[in-house]
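Comments concern the structure below.
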There are 2 protein chains.
Amino acid sequence: MSEAFQVLAEPARRQILDLLRERPRLVGELTERLGLPQPSTSKHLKALREAGLVRVGRDGTRRWYRLCPEPLRAVEQWLAPYRRMWAGSFEALERHLDAMPDEPDDPPAKERT
Amino acid sequence: MSEAFQVLAEPARRQILDLLRERPRLVGELTERLGLPQPSTSKHLKALREAGLVRVGRDGTRRWYRLCPEPLRAVEQWLAPYRRMWAGSFEALERHLDAMPDEPDDPPAKERT
DNA sequence: CATTTATATTCTCTTGCGAGCATATAGACG
DNA sequence: CGTCTATATGCTCGCAAGAGAATATAAATG
């Protein structure tokens with residue numbers, strides 16, 4: 001999940017995902033839309049590929065990139081307990097928020113209790 | 001929103017938020033839990049502060065940091081359209097994937113004489 | 001085969017950022 | 001006031017990563 005967050009930290013990559021949300025696109029198309037040089041686009045796409053956020057299909061010399069939203073699930077899961085904070089009452093936060101169900105959490109570093 | 005993503009890209013900072021989700025905490029407490037040197041913790045807290053993700057209250061020489069989940073809202077909003085993809089029916093996704101040529105991403109051998 | 005087109009990769013340069021240490025600030029307390 | 005404690009800030013170093021240009025690969029086409 002750490003990888004997903006890292007990859008999403010880059011605005012251009014979020015923009016790529018947003019574009020792919022509509023439909024699969026070619027690298028050239030993305031390049032044009034992003035206003036980036038083509039190598040930069042390819043490198044961002046590589047990062048997205050390695051994070052499993054996009055998949056690529058070949059068609060001759062062209063590459064169709066399509067969205068693969070699955071890894072975003074982990075992000076959403078991390079976000080979930082926070083979302084319920086603003087979803088419900090806001091003052092529960094100010095006091096002692098007690099109603100906290102156990103979420104499958106992924107502490108990325110070592111924890112010593 | 002870009003700032004939030006950037007700040008969340010750091011595992012230690014997500015961990016801090018997770019700790020503050022339980023209750024407000026002192027810097028020293030966070031430092032101990034994270035296993036980081038105190039200056040590092042303070043600097044992460046500064047980043048979180050500047051992103052509006054935490055707020056700090058003074059009590060003499062101590063500082064109580066508490067969670068401020070509001071900026072996560074933007075993250076959640078960005079994520080929302082993707083969540084719908086796996087949450088509800090992802091047939092919309094499948095549909096436009098169907099129209100596309102499909103091939104696994106790394107074809108290692110390509111024979112051509 | 002030569003060339004053109006579409007994309008990927010390599011290289012260098014530069015910037016940002018986190019770690020780590022030393023130090024500054026600021027309140028508490030004798 | 002001097003000192004201790006809690007936290008913040010400044011500094012340097014090293015590393016990861018993005019920008020940008022050049023080049024490599026690979027398929028299509030003549």
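Naming: A, B, ... by sequence-line order, numbering from 1 per chain.
Between B/R23 and B/E29 there is a salt bridge, since at least one side-chain N of the basic residue sits less than 4.0 Å from a carboxylate O of the acidic one.
One can place CG of A/D59 at 17 Å from P of D/dA26, the figure rounded to the nearest angstrom. Distance CG (A/L34) to C1' (C/dT7): 15 Å, rounded to an integer number of Å. When rounded to the nearest whole Å, the span between CD1 of A/I16 and P of C/dT7 equals 13 Å. At whole-Å resolution of the value, CG in A/L26 and P in C/dT5 are 16 Å apart. Spacing between atom CG of A/L45 and atom P of D/dA17 amounts to 17 Å, rounded to whole angstrom units. What separates CZ of B/R62 from C1' of D/dT5 is a distance of 9 Å, to the nearest Å. Atom CZ in B/R58 sits roughly 12 Å away from atom P in D/dT7 (whole-Å rounding).
At the phosphate of D/dA6, neither OP1 nor OP2 sits under 4.0 Å from any side-chain N or O atom of B/Y65. Distances shorter than 4.0 Å separate some side-chain N or O of B/S42 from OP1 or OP2 on D/dA8.
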Practice problem: Take nucleotides 10-24 of chain C nucleotide by nucleotide from the 5' end and write B, S or -, depending on whether a protein heavy atom sits under 4.0 Å from the base, only from the sugar-phosphate, or from neither. | Solution: BB-----SSSBBB--

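Atom-to-atom distance recorded for A/T31:OG1 and A/I16:CD1 is 8.0 Å, nearest 0.5 angstrom.
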Could you list the donor-acceptor pairs under 3.5 angstrom formed between side-chain atoms of residues 47-59 of chain B and any protein atom two or more places apart in sequence or on another chain?
| unit_1 | atom_1 | unit_2 | atom_2 | d |
| --- | --- | --- | --- | --- |
| B/R49 | NE | B/Y65 | OH | 3.3 |
| B/R49 | NH2 | B/Y65 | OH | 3.4 |

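Clustering ILVMFWY residues whenever any of their side-chain heavy atoms sit less than 4.5 angstrom apart, transitively, puts B/W64 in a cluster other than the one holding B/L20.
In this structure the side chain of A/R83 reaches within 4.5 angstrom of the side chain of A/E76, judged on heavy atoms.
Within the 3.5 Å criterion, the main-chain N or O of A/V7 finds a donor-acceptor partner in the side chain of A/R13.
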